[in-house]
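These notes concern the structure reproduced below.
The chain is numbered in sequence order, starting from 1.
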Amino acid sequence: MDAPFHSPTLLRGRCARNYCIFASWGTSAHVPTPFTSPILYVNKYVDCHDGIIEHTQMMHNFADPMDVLSTPMNVDQTYMNVGWGGVRTSSLPYALEAGNYSNSDNVTTRTKLKYENVNDVDYLDLCKFGEVQMGRAAILDLKRLGGYTTFVDGRLLVNQTLPAISLPCRKPIGSGGNCTSNPSTCMVGSCDRADVLNRGYVRMKLRVKARTHPQCVSYEEKWNDLVMLKCQFHDVGFGHTFPTPESLIPSCAPWAEAGLFNRVTGTGVNIAYLRHWSYLPKDGLMHFAVYSTNKTEAVSIVNSIFDNTRRGNDLAVDILPVRRVLPRGSIRTRPMKLPLDEVPSDYDPSSLYTFTFVYGDGSSVPDDGDARRRVGSTQVGTKTRDFTVFTVNWFGTSIRLSPGSTYVNRGYYFISDLGSVDSTAGALLDKVHAARIDPEDWSPRTVDIYRDGTKFVALAASSSGGTSTNCSSPSAALVCSGTSTPSPGHVPFFYVTCGESRTYLGPDPYHFAPPFGSRFPGHGNITNIVRSYVCDGEDLSVRPTWKLMGFYNSTDADCASLRTATYDGGICPANNTASASSSPTATPTEEKLDPTNAASPSPTATPTRREKLSKAKSSKSPSRKSKRRKSNLDPTRRPSNGPRMRSRKHKTANRPIRE
């Protein structure tokens with residue numbers, strides 16, 4: 001690909017007061033795939049103040065229910081990540097979760113988060129994401145958890161015993177252990193006592209010779225901007241070694257690393273990266289990086305800590321598990337060993353920084369659905385991401401997203417000190433909800449398309465639920481009407497462009513894509529890759545663009561007559577109705593927050609009407625007056641005390657979702 005491509009943004013940064021809304025089409029951005037995508041994503045972020053963000057995610061299946069290709073196998077969505085994100089491991093290496101248990105009466109109780117006693121902390125082992133997680137970090141149903149996961153900065157103390165770090169061994173001479181002639185094959189990663197005593201293996205010992213220091217010198221290149229050193233820490237005669245991070249510290253403990261210690265003084269230094277225990281048999285050098293960006297400083301730190309110039313005996317050097325240096329780039333000349341030798345007298349974990357995901361206790365999940373929490377680290381290996389992945393999976397029969405239906409999930413994120421996490425999260429648990437919304441549950445506004453010659457414009461009614469528009473141009477005629485949200489018998493119409501002259505208005509977002517052996521919502525195959533990001537017949541540097549114009553009846557002949565029309569936002573000037581812009585705004589627009597309308601310092605007792613989703617999502621159908629109750633999802637306020645939306649099986653929750 002000569003030009004970058006990302007899943008297209010259909011609504012960019014519609015912001016007002018304390019919230020912003022974004023909408024996108026979930027087409028594959030960079031991975032070759034035989035699959036098409038019928039999913040629209042809408043994400044709304046609300047600033048609830050006091051460090052709390054409310055995040056509402058909506059996923060809409062826009063495949064046409066009447067299309068013969070809209071089979072369950074082709075288009076139904078049954079597995080969703082509601083929140084896929086995480087934190088930077090080097091900033092927030094610990095994950096904590098409060099317990100949750102059920103007594104003999106099947107009453108679920110959430111326990112208080114434990115962190116004050118270093119010997120009793122509710123921490124999770126963070127193994128590599130995608131692999132089997134252990135203990136408390138195992139993939140668990142939300143009903144077995146406390147409703148939230150909090151990530152804590154690296155100053156948290158957890159008294160943990162990790163496996164001893166094994167030093168490499170040289171093979172027996174008769175088994176290829178002559179490193180002078182076989183430096184690349186003479187070593188093994190570790191050996192046991194029997195290998196050394198009975199089989200001729202030689203284990204490396206770390207030491208500094210008498211009357212000298214390690215004689216460290218720096219590399220020309222750095223590792224992640226940190227200084228790489230070569231230091232005299234063992235005897236000659238050892239060959240090539242390539243240790244992995246997990247050979248030093250278990251991959252499930254991203255808050256730990258290895259440290260070198262002077263056995264006499266007890267002082268030490270953290271190892272940021274170990275490149276080689278040994279490499280050339282003739283030099284006895286160990287190759288590693290320390291937490292310094294200055295070469296002179298790095299050399300001085302190690303040479304001074306392991307200075308043995310005044311002693312007539314070799315100085316033994318230990319390599320032990322220690323707390324990782326966090327944040328990266330800082331220097332700790334006295335690393336904290338694991339298990340801990342002592343706890344500082346002024347240690348106060350309640351003031352530590354945290355970031356918390358609140359996902360609820362699973363009570364809004366229907367009986368035939370499932371919701372689970374997944375967490376794991378990607379920081380395994382020398383060239384991997386500094387990231388801890390967090391997500392909640394919703395799946396099962398009741399969460400099947402069929403054509404025309406929408407899934408909504410509301411959760412919360414917040415930052416705070418560790419001492420405030422439990423109470424803040426606890427107050428938000430009842431605000432979390434998940435539900436499926438069917439086309440008839442919406443209360444949209446009308447969107448009309450006016451045509452003037454070969455050009456068109458889409459105008460939305462000026463108020464939520466409105467049914468009329470007005471175009472001031474005498475030459476423009478009303479051609480097609482739709483709705484601003486999903487509605488029965490309506491599908492989204494996309495305005496697609498390729499290059500300077502090719503345009504399309506209709507329900508197929510793949511209209512200009514190269515042939516893939518089928519048509520949307522069908523799929524390609526292993527030899528017919530779907531490439532939504534390519535304009536068929538154009539240079540690869542040309543990328544399509546998409547605008548969502550609203551939801552319309554795909555069988556309406558008048559709407560279909562606009563297939564090749566060109567969008568022109570200036571057709572109806574000075575109207576009191578909303579018009580889609582001619583191009584996405586470069587930056588989010590933002591209204592000033594009126595103090596009289598600002599979020600109150602405490603949650604509102606009564607739910608207010610949902611703020612409109614988007615004027616720019618043009619479309620229309622005959623208006624319907626809904627007698628259902630208003631939704632309790634108002635993006636302009638703090639988390640509500642009002643009733644929580646329940647699953648579709650609770651008829652009292654089938655409220656209209658206003659556009």
Using side-chain heavy atoms (C-beta onward) and a distance below 4.5 Å, is [X] in contact with [Y]?
X: Val534; Y: Phe512; answer: no
X: Leu459; Y: Cys572; answer: yes
X: Leu226; Y: Tyr291; answer: yes
X: Tyr79; Y: Asn393; answer: yes
X: Arg436; Y: Ser402; answer: yes
X: Val42; Y: Ile21; answer: yes
X: Arg410; Y: Val432; answer: no
X: Tyr407; Y: Met80; answer: yes

[X]-[Y] side chain donor-acceptor pair, cut-off 3.5 Å:
X: Thr545; Y: Thr497; result: yes
X: Asp47; Y: Tyr19; result: no
X: Asn61; Y: Ser405; result: no
X: Ser481; Y: Asp448; result: yes
X: Thr527; Y: Asn525; result: yes
X: Tyr273; Y: Glu257; result: no
X: Thr293; Y: Asp225; result: no
X: Tyr219; Y: His287; result: yes
X: Tyr450; Y: Thr469; result: yes
X: Thr388; Y: Thr89; result: yes
X: His240; Y: Ser184; result: no

So, the side chain of [X] versus the backbone of [Y]: is there a donor-acceptor pair under 3.5 Å, distance only?
X: Asn553; Y: Thr555; value: yes
X: Gln57; Y: His55; value: no
X: Thr241; Y: Pro243; value: no
X: Ser487; Y: His490; value: no
X: Ser37; Y: Gly26; value: yes
X: Tyr552; Y: Asp556; value: no
X: Ser292; Y: Asn294; value: yes
X: Thr78; Y: Phe395; value: no
X: Arg445; Y: Ala461; value: yes
X: His511; Y: Pro509; value: no

Minimum heavy-atom distance [X]-[Y], with the two atoms named:
X: Pro573; Y: Ile571; answer: CD-O, 3.1 Å
X: Thr446; Y: Thr467; answer: OG1-CA, 3.2 Å
X: Val87; Y: Leu92; answer: CG2-O, 3.8 Å
X: Asp536; Y: Pro515; answer: OD2-CD, 3.7 Å
X: Leu274; Y: Phe288; answer: CD1-CB, 4.0 Å
X: Ser554; Y: Pro507; answer: CB-CG, 4.4 Å

Check: Tyr359 ring centroid to Phe390 ring centroid under 6.0 Å: yes
Ring-ring centroid check Trp25 Phe5, cutoff 6.0 Å: no
Result of checking Tyr41, Phe493, Phe520 against Phe62 for ring-ring contact (aromatic ring centres under 6.0 Å, His included): Phe520
Pairwise distance CG(Asp508) to OG1(Thr36) - rounded to 0.5 angstrom: 9.0 Å
Euclidean distance, Asn528 CG relative to Phe516 CZ, rounded to 0.5 Å: 9.0 Å
Check against ring pair (Phe, Tyr, Trp, His ring centres under 6.0 Å), Phe357 and Tyr413: CA-CA 5 Å; Phe357 292 88; Tyr413 316 130; 5.4 Å; yes
Test salt bridge (Lys or Arg N to Asp or Glu O under 4.0 Å) applied to Glu221 and Lys295, step by step: CA-CA 10 Å; Glu221 70 271 18; Lys295 293 182 179 181; over 6 Å; no
From CA spacing to verdict: salt bridge (Lys or Arg N to Asp or Glu O under 4.0 Å), Glu538, Arg502: CA-CA 11 Å; Glu538 300 278 357; Arg502 300 167 69 189; 3.3 Å; yes
Full working for ring pair (Phe, Tyr, Trp, His ring centres under 6.0 Å) between Phe355 and Phe414: CA-CA 6 Å; Phe355 181 87; Phe414 67 86; 8.2 Å; no
Check against side chain to side chain donor-acceptor pair (under 3.5 Å), Asp64 and Ser70: CA-CA 7 Å; Asp64 189 344; Ser70 293; over 6 Å; no
Where at least one partner belongs to residues 511-533, residue pairs that pass salt bridge (charged side-chain N to carboxylate O under 4.0 Å, His left out), sequence neighbours excluded: Asp67-Arg519
Partners passing side chain to side chain contact (heavy atoms under 4.5 Å, CB included) against Thr564 (at least two apart in sequence or in another chain): none
NZ/NE/NH1/NH2 to OD/OE distance under 4.0 Å, Glu246 and Lys128: no
Parallel, tilted or perpendicular: rings of Tyr279 and His276 (30°, 60°): tilted
